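If you're wondering where the values come from, they're calculated on a predicted model, not measured in any experiment. All ligand and atom numbering here is 1-based and tracks the order in the structure.
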Amino acid sequence: MEPVNGKVFFLSDCHFGLPDWDASREREARLCAFLDSIAGDATHLFLLGDVFDFWFEYRDVVPKHCLRFLGRLASLVDRGVQVYYILGNHDMWSFSYLQDEIGLKQIRGIVDVEINGKKVRMGHGDALDPKDYGYHIIKWIYAQPFNQRLFAMLHPRQAFSLARAVSFKSRRAHEEADKVFRGEEEPIIRYCREVLRQQSFDYFVFGHRHLPCDYTLTEKSRYINTGDWIHHASYLVMENGEADLKRFA
Ligand SMILES: [Mn+2]
């Protein structure tokens with residue numbers, strides 16, 4: 001990716017639709033207020049995945065929710081803000097709609113970019129443990145176009161309730177354990193340590209954990225997690241070579 005200079009914002013894990021659309025309205029309004037507050041001076045915005053708790057788009061039809069949020073993204077793009085959407089494990093079935101209609105740039109996987117002269121590696125933050133075979137197999141199955149076409153043949157009412165059931169089950173299985181920050185045992189931190197053996201980065205920026213953190217890896221390298229917009233309304237801003245993890249109050 002081209003080097004980036006300016007005032008750069010990052011956020012992730014809004015999980016709109018969780019636990020239902022009514023309950024996400026307040027979160028959406030808060031995020032809209034935040035986007036309004038940065039619209040004047042942001043040059044770049046990175047959405048680091050799981051913006052939607054479930055997103056699936058069909059050839060001619062898209063989910064009907066979060067229109068105001070999508071409108072805010074569109075007006076940021078219209079003002080000249082570069083908006084990037086790194087897909088998470090909950091919104092990996094975003095195809096061309098958000099790019100074509102809103103003009104954001106969609107990215108899958110991990111990206112390295114120089115921001116204000118600092119080397120940054122970022123991504124959603126899932127699938128970083130190479131030994132988590134079960135997870136990699138499921139992700140591979142979900143990524144197959146054939147399976148996606150099969151899923152698209154379900155009526156959306158069935159498709160979305162199936163997806164909600166799967167999301168609910170996986171959340172229940174992880175929720176309690178995920179609230180605890182495990183330090184060096186965190187899969188993302190293990191991953192960063194592994195990468196740092198071969199390459200250097202000033203910042204690793206990920207989401208997925210729903211726990212905002214700014215963790216010192218080495219004298220020159222930090223791991224920053226953007227947290228979530230369910231409990232924390234947390235975001236990261238990079239400007240003049242500095243990185244600040246903040247909360248929108
Ligand atoms: Mn996630």
Side-chain angles (χ1 to χ4, degrees), residues 9-21 23-24 27-28 31 45-57 63 65-66 69 73 83-95 98 104 106-111 120-143 148 151 160 162-182 185-192 204-215 223-236 245:
F9 290 85
F10 305 76
L11 63 93
S12 69
D13 295 274
C14 313
H15 286 265
F16 289 133
L18 168 77
D20 53 51
W21 290 106
S24 357
R27 266 177 6 240
E28 184 195 1
L31 184 59
L45 170 65
F46 287 91
L47 302 169
L48 297 185
D50 289 1
V51 172
F52 294 95
D53 196 53
F54 177 62
W55 176 274
F56 191 88
E57 65 191 59
H65 305 282
C66 288
F69 165 65
L73 293 183
V83 181
Y84 293 87
Y85 189 175
I86 300 186
L87 298 176
N89 49 318
H90 285 256
D91 43 19
M92 60 183 287
W93 301 282
S94 171
F95 304 116
L98 298 170
L104 48 76
Q106 198 163 276
I107 299 169
R108 282 175 204 276
I110 281 174
V111 301
V120 181
R121 170 163 286 190
M122 69 178 120
H124 175 59
D126 67 314
L128 295 181
D129 178 0
K131 292 205 179 85
D132 191 354
Y133 302 113
Y135 188 84
H136 287 282
I137 290 168
I138 287 175
K139 206 167 165 173
W140 182 83
I141 292 170
Y142 287 169
Q148 291 167 354
F151 188 80
F160 277 72
L162 177 65
R164 261 193 293 273
V166 172
S167 167
F168 182 76
K169 227 182 118 191
S170 89
R171 198 165 41 252
R172 260 229 312 242
H174 299 283
E175 203 171 24
E176 285 311 308
D178 281 355
K179 283 180 187 158
V180 183
F181 181 71
R182 299 195 295 275
E185 298 301 305
E186 289 279 321
I188 296 178
I189 292 178
R190 285 186 172 181
Y191 165 83
C192 297
F204 292 88
V205 183
F206 292 104
H208 186 59
R209 276 298 274 120
H210 298 206
L211 289 175
C213 86
D214 185 344
Y215 189 86
Y223 153 54
I224 299 176
N225 197 291
T226 46
D228 72 5
W229 278 70
I230 302 170
H231 300 295
H232 301 99
S234 45
Y235 66 94
L236 170 66
L245 184 63

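For the Mn ion (ligand 1), protein N, O or S atoms under 2.8 Å: 4 in total.
In this structure, His90 has its ring center closer than 6.0 angstrom to the ring center of His15.
Within the 4.5 Å cutoff, side-chain heavy atoms of Tyr191 are placed close to those of Arg121.
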Does the side-chain contact (heavy atoms from CB on, under 4.5 Å) test come out yes or no for Tyr85 and Leu73, once each step is laid out?
CA-CA 11 Å; Tyr85 189 175; Leu73 293 183; over 6 Å; no
Please report, to 0.1 Å, the donor-acceptor pairs under 3.5 Å made by any side chain of residues 136-143, with sequence neighbours excluded.
| residue | atom | partner | partner atom | Å |
| --- | --- | --- | --- | --- |
| His136 | NE2 | Asp129 | O | 3.0 |
| Lys139 | NZ | Asp126 | OD2 | 2.9 |

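Ring pair His124/His208 is perpendicular by interplanar angle, where above 60° counts as perpendicular and below 30° as parallel. Taking the six-membered ring for Trp and thresholds of 30 and 60 degrees, Phe54 and Phe151 have ring planes more than 60 degrees apart, a perpendicular arrangement.
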